[in-house]
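Here the structure comes first, spelled out in structure tokens, and everything after it is commentary.
This structure is a prediction, so every number in the text was calculated from the model and none was measured.
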Amino acid sequence: MDKTAIKKFAIESRQKLIAAIKLQMNVLGIDEEGISEKLKTSTSEIEYYVDDRNPITGSNIVKRQRLVSELQEREKSTDFETAFEDLVEEVAYTWFNRLIAIRFMEVNGYLPSHIRVLSSSANRNEPDIMMQSVADLVPYLGAFNNEEEQIMDRASESEATGDMDNKYRMLFIKQANALNENLPYLFEKTNDYAELLFTPNYHDGVIQHLIHDISEADFDVNQGGQVEIIGWLYQYYNTEPKDVAISQPKSHKFRNIEIASATQILRPTGLLNIWSKIPSVNYGSNICYYAMIA
């Protein structure tokens, strides 16, 4: 197990996820300074906040409204900038959590569908889930609504990068939410605004680094891989916020998110014991044990 590579990946993943979430927030007209009103060119069906190249449509309009409400609620107990930063940090951690768990599951064949979500079993550029039809996925991801079917159709027709990214984002979120039924401790139901702020792609960024920078064997229990790697990933992910929290003066009033960073006591080698005490989830011939990682 190359802990240097694991540490580099975890620290950089946090930075990249935070940067991507903030960029998406900016597209939605939200930054550290406040919340912008929609542009005059907006209609009841399409909203613009930066320019006319980044429209917000369909269910995303409602998700933005819930994001705004969440920030305003948090602002009541602090200032807006702090509320903004804390929400970004939480959303980044949420998606890092899901990426790592799904990687472990797909490598070991623990996904109910046995369809890889992050990588290809045939060394294609696209993950296996991108090659499946709606009919193939419904038994494992649940029914597709009209908006989701349109995303699938648009991607198939155009194969444009933007349309393919929208398809992948939608499929990843559906997979994470579907796993909530069997593994609620690890896959809590995703908040609408967290879905809106998640912009993954399989051809660049965190997912590519997860697939290529960390040996698959480190996750594969049949090749000596073990749950311990997940503990190291979470510990290293927390490196920078933990260092910042610990460096604060004694007079500093710690927020909950800072306390969590400064008091992390999870031992990576102890994760297997924690997980094995949780009731098992049987996926056919495979049994995997999971617990919430705080």
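A donor-acceptor contact shorter than 3.5 Å is absent between the side chain of N108 and the backbone of Y110. In this structure, the side chain of K174 engages the main chain of A143 through a donor-acceptor pair within 3.5 Å. Judged purely by atom type and a 3.5 angstrom limit, Q132 has no side-chain atom pairing as donor or acceptor with the backbone of L137. Under the 3.5 Å distance criterion, the side-chain polar atoms of T78 are left unmatched by any main-chain donor or acceptor of E75. Checking side-chain atoms of D136 against main-chain N and O of S133 turns up a donor-acceptor pair under 3.5 Å. A distance-only check finds no donor-acceptor pair linking the side chain of D52 to the backbone of P55 [under 3.5 Å]. With hydrogens and angles ignored, the 3.5 Å screen pairs a side-chain donor or acceptor of Q24 with a backbone N or O of L196.
Residues V27 and I18 do not share a hydrophobic cluster, clusters being chains of Ile/Leu/Val/Met/Phe/Trp/Tyr side chains in contact below 4.5 Å. V62 and L71 fall into different hydrophobic clusters, where Ile, Leu, Val, Met, Phe, Trp and Tyr are joined by side-chain heavy atoms under 4.5 Å apart, directly or via other members. Note: the hydrophobic cluster containing V134 also contains L141 (ILVMFWY, side chain heavy atoms under 4.5 Å, direct or indirect links). No single ILVMFWY cluster, assembled from side-chain heavy atoms under 4.5 Å apart, contains both V88 and I11. Under a hydrophobic-cluster definition in which Ile, Leu, Val, Met, Phe, Trp and Tyr are linked whenever side-chain heavy atoms come within less than 4.5 Å, directly or via other members, I35 and V50 are assigned to different clusters.
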Please report, to 0.1 Å, the donor-acceptor pairs under 3.5 Å made by any side chain of residues 123-130, with sequence neighbours excluded.
unit_1	atom_1	unit_2	atom_2	d
R124	NH2	D128	OD1	3.0
D128	OD1	S121	N	3.2
D128	OD2	S121	N	3.2
D128	OD2	S121	OG	2.8

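Here the NE2 atom belonging to H203 is positioned 9.0 Å from the CD atom belonging to Q208, to the nearest 0.5 angstrom. Taking CH2 of W95 as the reference point, atom CG of L17 lies at 10.5 Å (rounded to 0.5 Å). Of the inter-residue distances, the one linking S59 atom OG with N146 atom CG reads 11.5 Å to the nearest 0.5 angstrom. For the atom pair NE2 (H212) and CD1 (I207), the distance works out to 11.0 Å, reported to the nearest 0.5 Å. Between K3 atom NZ and I229 atom CD1 the span is 10.5 Å, to the nearest 0.5 Å. Taking CZ of F96 as the start and NZ of K16 as the end, the distance is 12.0 Å to the nearest 0.5 Å.
Applying the salt bridge (charged side-chain N to carboxylate O under 4.0 Å, His left out) rule to K76 yields the partners E73; only residues at least two apart in sequence or on another chain are considered. Residues passing the side-chain contact (heavy atoms from CB on, under 4.5 Å) test with S36: none are found, sequence neighbours excluded. A search for side chain to side chain donor-acceptor pair (under 3.5 Å) contacts involving K8 returns E12, not counting sequence neighbours. Legend: residues meeting ring-ring contact (aromatic ring centres under 6.0 Å, His included) with Y202, ordered by chain and number and at least two apart, are Y168.
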- Task: I would like to know whether H209 and S13 meet side-chain contact (heavy atoms from CB on, under 4.5 Å); could you show each step before the answer?
- Result: CA-CA 9 Å; H209 287 292; S13 292; 5.7 Å; no
- Do R64 and E47 pass the salt bridge (Lys or Arg N to Asp or Glu O under 4.0 Å) test, and can you show the C-alpha distance, the side-chain angles, and the key distance before you say yes or no? CA-CA 10 Å; R64 184 189 182 276; E47 293 183 356; 5.2 Å; no
- May I have the step-by-step check of salt bridge (Lys or Arg N to Asp or Glu O under 4.0 Å) for E195 and R169, ending in yes or no? CA-CA 9 Å; E195 295 180 0; R169 173 173 167 265; over 6 Å; no
- Go through the steps to decide whether I100 and L210 satisfy the test side-chain contact (heavy atoms from CB on, under 4.5 Å), and finish with yes or no. CA-CA 8 Å; I100 299 306; L210 175 58; 4.0 Å; yes
- Task: Kindly indicate, with the supporting measurements, whether the criterion side-chain contact (heavy atoms from CB on, under 4.5 Å) is fulfilled by E33 and F84.
- Result: CA-CA 9 Å; E33 297 181 359; F84 175 90; over 6 Å; no
- Item | E216 and R116: CA distance, side-chain angles, deciding distance, salt bridge (Lys or Arg N to Asp or Glu O under 4.0 Å) verdict | CA-CA 13 Å; E216 182 167 313; R116 289 198 170 208; 3.0 Å; yes
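Counting heavy atoms from C-beta outward, L197 and K63 have side chains that stay 4.5 Å or more apart. Counting only heavy atoms from C-beta outward, the side chains of Q175 and Y140 never approach each other to under 4.5 Å. I61 is listed as a side-chain neighbour of Q65, based on a closest heavy-atom distance under 4.5 Å. Between F9 and D2 there is no side-chain heavy-atom pair separated by less than 4.5 Å. Taking the side chain as every heavy atom from C-beta outward, M105 and L179 approach each other to under 4.5 Å. In this structure, E90 and L87 have side chains that are not in contact, with every pair of non-hydrogen atoms separated by 4.5 Å or more.
Looking only at atom types and distance, the side chain of D79 has a donor-acceptor partner in the side chain of T82 under 3.5 Å away. Defined by atom type and a distance below 3.5 Å, a donor-acceptor pair is present between the side-chain atoms of N97 and Y234.
Closest approach of N26 to I30, counting heavy atoms only: OD1-O, 3.2 Å. Residues Y49 and L28 come closest through the heavy atom pair CG-O, 3.6 Å. T199 approaches A20 most closely through the heavy-atom pair OG1-CB, 4.1 Å. Nearest approach of K167 to A155, heavy atoms of both residues: CD-CB, 3.7 Å. The heavy-atom pair separating Y193 from R74 by the smallest distance is OH-NH2, 3.8 Å. Between L118 and F172 the shortest heavy-atom distance is CD2-CE1, 3.6 Å.
Atom CD of E181 has 12 or fewer neighbouring heavy atoms from other residues, nucleotides or ligands inside a 6.0 Å radius.
For the pair R98 and F198, the cation does not sit on the ring face, since its NZ or CZ is not both under 6.0 Å from the ring centre and inside 45° of the axis.
Hydrophobic cluster membership for L39: I46, Y48 (Ile, Leu, Val, Met, Phe, Trp, Tyr linked by side-chain heavy atoms under 4.5 Å, directly or transitively).
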